[in-house]
Protein chains: 2
Amino acid sequence: MTVESIQHQSVVDLLEARLREDILRGRHTPGTLLPPERELAAGYGVTRTTLKHALSRLEQAGMVSTRHGIGTRVRDFLRVGGADLLPMLASQDSGWLVEIFEVRRHIGSLIARRAATRRTARQSRRLAELLEAVAAAPDADAAQLADVEVHRELARATGNRVYLLLTNTLFNAYMPVRRALCAPFEDPAKAAARLDPVVRAVIDRRPQDAERAAERYLRETEKLMLGALDKANQAHAIR
Amino acid sequence: MTVESIQHQSVVDLLEARLREDILRGRHTPGTLLPPERELAAGYGVTRTTLKHALSRLEQAGMVSTRHGIGTRVRDFLRVGGADLLPMLASQDSGWLVEIFEVRRHIGSLIARRAATRRTARQSRRLAELLEAVAAAPDADAAQLADVEVHRELARATGNRVYLLLTNTLFNAYMPVRRALCAPFEDPAKAAARLDPVVRAVIDRRPQDAERAAERYLRETEKLMLGALDKANQAHAIR
DNA sequence: GCGGAACGGTGGCTCAGCCACTGGTCCGCA
DNA sequence: TGCGGACCAGTGGCTGAGCCACCGTTCCGC
């Protein structure tokens, strides 16, 4: 049993999730003012202090903006929000996953190409090690996490720290739902074999090949993930 | 003088900024526990409640992680953090700007290419309008904001909402320092002229041209921005 | 020797209250 | 009648004290 599987949902966490959901579902329209804090807190059955903690997080996430003496306004977050909204959007509506994967594919290819021209010797060694770790993973879950590490190292090998942060953002986006997406890693050895051409091309400094291999790898992985997801959804629908 | 005339920096805002700075400057090493909340609050001269608001934001930003009964640990945010850290990193150290621009160039080209194949008729019209708005901007500041709108619409024209969020993230990263980067927009008409080939190629559905034009536009703009920044830094150093 | 109870320390959350900011109203003066 | 300033009601900002829940350790009794 891993640490992350059991999340202690604190009151603030729950409240935040609920507020977010109410906003995403359109109960509070973008552009309008939320009810006063005292009223809202009473409505959700919590203290104003607790409500403020939750609102404060939503504000930092860019979903609402608060002004002293005025109130709290729901922002048009799809217009001005950043990629850090993705985790909550993805767990709310799986339509986002398709779009996330597409972008991941494009950017992943970019990263692989660039890593192939910039990687250091040390990073080559590390990539080889991490690929080994994928193959040696005891189960799908561990393989999935090991796979993420390989991609993090690829991003690091671009020599541009922003690529690493971007990769993290995209991974974070499907971390909350990753359990449903571990199909490609059921057989860790095969997963490692699919990933191998990418790592090899980067180590051998073949940018074009690296780009193509990454594109291919990401496309295959995506297909397996979404295939499993569809199947699950169908089973769910039948039931 | 009471408060900063323009900025409404609340206590929580200031406290958050200060904590962040202390972490970024290495006063609290990643991996270690922060002092207990009661102690930390006393140290900063605020209530525990207020401190918690600030910590709660930092936690959501991925810079610290709090566990009940244990304490608050400083996370290795460069390893696991997302792109939403960029605004604070960029305003802390201008070295980030160079890397942000590079990624912006790569992804901007990607977006232009894709927009050229996917844009709708409505989006074409809107792009043309927004380009007009850049040319008609009264000053550099307005031109810069109008320019951002064009890029947002380009991202929207990819048909993939994740690209819009990503674009927002990258823009947000240099929004805090954008005043120092308005050099390319001193002459709004010229700025619009530089941007014109990109918009035109997208409207005409010429993906390859759009990609190249975007690459070129972003490279030029970047050069102007960083050139102005260097000059400012030199002047600053001399003084 | 070992298992469970107790303890000290930590964060989670509540409560009641006062302060500060905003926008509108209303009154007094010209 | 027009207008400017004082006032007021409503809103978020912040406080301080307090209690609860959780964790790791220690210590005691079996």
Side-chain angles (χ1 to χ4, degrees), chain A residues 1-20 22-23 28-75, chain B residues 1-20 22-23 28-75:
Chain A
M1 185 70 74
T2 55
V3 182
E4 54 212 332
S5 63
I6 295 186
Q7 305 240 8
H8 279 284
Q9 294 273 44
S10 74
V11 175
V12 178
D13 289 337
L14 287 169
L15 182 59
E16 182 197 347
R18 187 146 165 214
L19 276 166
R20 199 163 56 205
D22 282 349
I23 292 175
H28 305 295
T29 327
T32 62
L33 282 175
L34 245 44
E37 293 187 352
R38 291 165 175 86
E39 194 176 311
L40 209 51
Y44 286 109
V46 298
T47 322
R48 213 181 124 215
T49 315
T50 306
L51 178 80
K52 282 185 74 61
H53 273 112
L55 282 180
S56 166
R57 292 194 201 167
L58 289 183
E59 177 170 25
Q60 211 223 340
M63 292 192 65
V64 304
S65 84
T66 298
R67 292 224 338 244
H68 195 170
I70 305 281
T72 302
R73 198 172 289 279
V74 181
R75 294 182 71 189
Chain B
M1 180 71 76
T2 51
V3 187
E4 281 296 315
S5 51
I6 305 175
Q7 297 269 16
H8 287 278
Q9 293 273 47
S10 75
V11 176
V12 178
D13 289 338
L14 287 169
L15 183 58
E16 182 197 347
R18 190 149 162 212
L19 276 166
R20 198 163 57 205
D22 283 349
I23 291 174
H28 304 296
T29 326
T32 63
L33 282 175
L34 245 42
E37 292 187 352
R38 290 163 175 88
E39 192 176 311
L40 208 51
Y44 285 109
V46 297
T47 323
R48 215 181 124 213
T49 316
T50 307
L51 177 80
K52 283 185 74 60
H53 272 111
L55 282 180
S56 166
R57 292 195 202 167
L58 289 183
E59 177 170 25
Q60 209 219 341
M63 292 192 66
V64 302
S65 85
T66 298
R67 296 241 315 262
H68 194 171
I70 305 282
T72 302
R73 197 172 289 278
V74 181
R75 293 182 72 189

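Proteins get letters first, then strands, A, B, ... in listed order; numbering begins at 1 in each.
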Which atom of [X] lies closest to which atom of [Y], heavy atoms considered:
X        : Y        : value
Val12(A) : Ala54(A) : CG1-N, 4.0 Å
His28(A) : Pro35(A) : CE1-CD, 4.3 Å
Ile70(A) : Leu33(A) : O-CD1, 4.4 Å

Restricting both atoms to N or O, compile the protein contacts to nucleotides 5-9 of chain D shorter than 3.5 Å, with distance only.
none

Rounded distance (Å) that lies between atom [atom2] of [N] and atom [atom1] of [X]:
X        : N       : atom1 : atom2 : result
Arg73(A) : dT22(C) : CZ    : P     : 14 Å
Leu51(A) : dT11(D) : CG    : C1'   : 13 Å
Leu15(B) : dG13(D) : CG    : C1'   : 14 Å
Asp13(B) : dG12(D) : CG    : P     : 16 Å
Leu33(A) : dT22(C) : CG    : P     : 15 Å

Quick check for you: to the nearest 0.5 Å, what is the distance between [X] atom [atom1] and [Y] atom [atom2]?
X        : Y        : atom1 : atom2 : value
Leu15(A) : Leu40(A) : CG    : CG    : 8.0 Å
Asp13(B) : Glu16(B) : CG    : CD    : 6.5 Å
His53(B) : Arg57(A) : NE2   : CZ    : 10.0 Å

### Query
Are any of Thr47(B)'s side-chain N or O atoms less than 4.0 Å away from OP1 or OP2 of dG16(D)?
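Yes, such a contact exists.
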### Query
Counting N and O atoms only, with roles assigned by atom type, does the side chain of Arg75(A) sit under 3.5 Å from a partner on the main chain of Met63(A), one being a donor and the other an acceptor?
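Between the backbone of Met63(A) and the side chain of Arg75(A) there is no qualifying donor-acceptor contact (under 3.5 Å).
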### Task
Output yes when a side-chain donor or acceptor of Arg73(A) lies under 3.5 Å from a complementary backbone atom of Thr32(A), and no otherwise.
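No, Arg73(A) side chain to Thr32(A) backbone: no donor-acceptor pair under 3.5 Å.
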### Message
Would the base of dC15(C) count as contacting Thr49(A) through its side chain, where contact means a donor and an acceptor less than 3.5 Å apart?
### Response
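Answer yes: a donor N or O sits under 3.5 Å from an acceptor.
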## Note on the structure
For nucleotides 5-11 of chain C, 5' to 3', base contacts (B), sugar-phosphate-only contacts (S) and non-contacts (-) with protein non-hydrogen atoms under 4.0 Å give ----BBB
